[in-house]
Visitor: 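One structure, as structure tokens, below. Some questions next.
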Amino acid sequence: MKKFAALLLALVMVLSLAACGEKNPPAGSASASGSTGGDEAKVYNVVYLVNGNLGDKSFFDSAEAGLAQLKADGRIEYRTIEMGGLDEDKPKWKDTLYEVSESGEYDVIICGTYQMPDFLKEVADQYPDQKYVIFDDNTYAGQSANVMNITYRQNDMGYLMGIYAATLTTDTSIEKINEDAVIGFVGGVDSPVINDFLIGYIEGAQSVNPDIKIDVRYTNDYVDTAIAKEYGLSMINDNKCDIIWGVAGNSGNGAAEAAYETGKAYFLGVDSDQELTLSSDLAAITLTSGLKNIGNSLIWFFDELDAGRTYFGQEVSLGLAEGGVGIVTDKNFATYASDDLKAAISAAEEAIKNGELTVDSALAEGGPDLAVQLRTEVQP
Amino acid sequence: MLQLIFNTDFFFSILRITAPILFATLGAVVGEKAGVSNIGLEGTMMVSALFGSLTTYWSGSWAVGLVVALFCGVLVSLLMGFFAFNLKTDIILTGIAVNMIGSGGTLFLVKVITQQTEGKALASTTSLITAAHQIPSWNIPLIKDIPILGPILSGHCILTYVAFLLVFLTWVLLYRTPLGLNIRSVGENPNAASSVGVSVLKIKYIAIGFSGLMAGFGGAFMSMYYSMGWSLDMVAGRGFIALAAQAMGAGEPVGSMLSALVFGFAQAFSIKVSSKGIDSNLVTPIPYLVTILGLVAFALVLRHRVKKQHSASALEKTAK
């Protein structure tokens, strides 16, 4: 018994050592810098640092797809470095940033997410001639002249989701939909970014039906699926919600489970096309998803760069017009939406794109108060 | 308003919310009776939740998944015991290590095993698990037809019934079996126990193994019934709430079950209240407030009792 335990222990230690072994700095980036100087259309040399791993069917894959597209069009050459997403990998993120900055062979260094700004600020300040792009974060926007922050107008996307949900919630010809005009929203925490989704959602829904009721709950947690499920069940059973938008990371999926279990509601996804990431049972009741198109935003960035416009040292907020956000319009969306609804959503999309319609934002001044006011107004 | 809150749904949800906490609480109760503070329940639950969910996916059978979840719970706990009892590490620190393994370690394992990740730190097995993989619910014949009581008591997950049954079994184990006597004596006074030939080490291993078994049940409940599949940090503090419930229930199976129910009640209540539009920032702390209040009440009662005993014995002395 004792020997067995010791053996087991040794095994665990070996495993954990193996885990550490992955932390070798990525070799090879010290290679001689390739000549990148082009004559007419410059081919940019880009490095994309992933502070996680590809294969997430979401954020990182989206950026990768955008870069692959650019490469296929012959506009860039790029290299992707996966740095791992664990806490233990964090030192590597900084090391890699230093390494690629020091090499000087890249025209642009791209990274993203709220986890990177501290490292990026430190490194970017030491290499003022190197250009950096960070997406979906604005922590230090405008503080380094060589860093461009790309953020996404989730309120635009929320508006379209609001129209979609508010129209379907009274369409009793669809199975499981009840006649009450009540829809739901499960947010992660009561924070500006989450409320930005919410404000768009409420305003979009109100544009369809001024008397719409929206049950807004916050799980105060991005990981506790079970609590989101409890909230979802309460929304469905107590307030007759039949469509719930989950904007709470992994825990948002709990709302989908509640909808599935009761058989009385549908779910809307967020960030990526969740019909692809959820299992078949849950995907079947996911009507659409609000998207953040990182890849599109990178293509937009190079479009602008080619046109001679740069935004380094600034924060650029990309909405529907730039393709930075959008909603999934195939699969279940196409099945459930009537032609009128599809037309209404396209019309709203056009109006937002050409500036006829502005959706309020929780990130703007007075935004937090507006969010509170709106959600009190629509409380069932 | 009251009718809207206190309906059958509400009481049904109390039992559902309580079940995973109750499993962990029973683990804490037996551990504590043997003098073993297992604060690694949280992490153990996460490991069990992961392997239960994955095995169910591979085997297609929730029963196999459940057995593996239980096995993992016991294994992790025994490993913890090996460090604490044989290698003499501090058991609290060992527990903390287990909790960290439960979080970071499961993330690492799920990436290695499934090659799947879902964005940043948000890993889950949600894409694999369908309703067919879940532990089924049970509509109890006859009872389900009783008005009011039927919809509250019937239709729960099988494990929910197991949880409440285990309260009774744990009580029997502790108070009606020789093993229970040994467990209690090792907890009360290990030296005395060992002087009459009880193997303290063996009893401690049994106790921590039992608490791992309970954590295994809890983990399986989380990933194989409560949620569809494992996701990172999904146990979300239930293992710690269980420790509070154990303390609040004075370490007795029934008392601790009642404390776990109080927590379940508070959680269910906060969710119901939020359906009436009360700000989530006010609602979320209710369960934790109730826990703190409960602990304070428990401490006050205890102090009162001790004082009473003191004065009683003082009176006796003066009477003499």
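Quick note on labels: first sequence line is chain A, next is B, and so on, each numbered from 1. Only a predicted model underlies this, so the values are computations on that prediction, with no experimental measurement involved.
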Visitor: Please classify the contact between B:Ile129 and chain A as side chain, backbone, both or neither, with a heavy-atom cut-off of under 4.5 Å.
Guide: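 Just the backbone, heavy atoms under 4.5 Å.
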Visitor: Less than 4.5 Å to any heavy atom of chain A: does that hold for the side chain of B:Asp9, its backbone, both, or neither?
Guide: side chain
Visitor: Below 4.5 Å from any heavy atom of chain B, which atoms of A:Asp238 appear? Answer side chain, backbone, both or neither.
Guide: side chain
Visitor: So which residue, A:Arg217, A:Glu261, A:Arg375, A:Met235, ends up with the most heavy-atom pairs under 4.5 Å with chain B?
Guide: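 Result: the option with the highest number of such pairs is A:Arg217.
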Visitor: Quick one: which of B:Ser275, B:Gly105, B:Ser231, B:Ala132 has the most heavy-atom pairs under 4.5 Å with chain A, could you say?
Guide: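 With the most close heavy-atom pairs to chain A, the winner is B:Ser275.
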Visitor: Charged N to carboxylate O under 4.0 angstrom, A:Lys90 versus A:Asp118?
Guide: no
Visitor: When you measure from the side chain of B:Ser48 to the backbone of B:Ala69, do you find a donor-acceptor pair of N or O atoms at a distance under 3.5 Å?
Guide: yes
Visitor: Identify which part of A:Ile227 has an atom lying under 4.5 Å from any heavy atom of chain B, answering side chain, backbone, both or neither.
Guide: both
Visitor: Quick one: of B:Met234, B:Met228, B:Lys272, who has the most non-hydrogen atom pairs under 4.5 Å with chain A?
Guide: B:Met228
Visitor: Search all heavy atoms of B:Gly43 against all heavy atoms of B:Asn99 and return the closest pair with its distance.
Guide: N-OD1, 2.8 Å
Visitor: Do A:Tyr231 and A:Phe185 make the cut of ring centroids closer than 6.0 angstrom?
Guide: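 A:Tyr231 vs A:Phe185: aromatic centres not under 6.0 Å.
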Visitor: Examine whether an atom of B:Gln134 lies under 4.5 Å from a heavy atom of chain A, and if so say whether it belongs to the side chain, the backbone or both; otherwise answer neither.
Guide: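 Interface part for B:Gln134: neither.
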Visitor: At a heavy-atom separation under 4.5 Å, does B:Ala268 approach chain A through its side chain, its backbone, both, or neither?
Guide: neither
Visitor: Please find the pair of heavy atoms, one from A:Lys229 and one from B:Tyr226, that lie closest to each other, and give the distance.
Guide: NZ-O, 2.7 Å
Visitor: So which residue, B:Ala236, B:Gly237, B:Ser274, B:Ser13, ends up with the most heavy-atom pairs under 4.5 Å with chain A?
Guide: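 The answer is B:Ser274.
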Visitor: Report yes or no: does A:Asn239 contribute a side-chain atom to a donor-acceptor pair with the main-chain N or O of A:Cys241 at less than 3.5 Å?
Guide: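 No, the answer is negative, given that no donor and acceptor are paired below the 3.5 Å cut-off.
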Visitor: Are any side-chain N or O atoms of A:Glu230 and backbone N or O atoms of B:Ile271, one a donor and one an acceptor, separated by less than 3.5 Å?
Guide: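 Checking the backbone N and O of B:Ile271 against the side chain of A:Glu230, no donor-acceptor pair under 3.5 Å is found.
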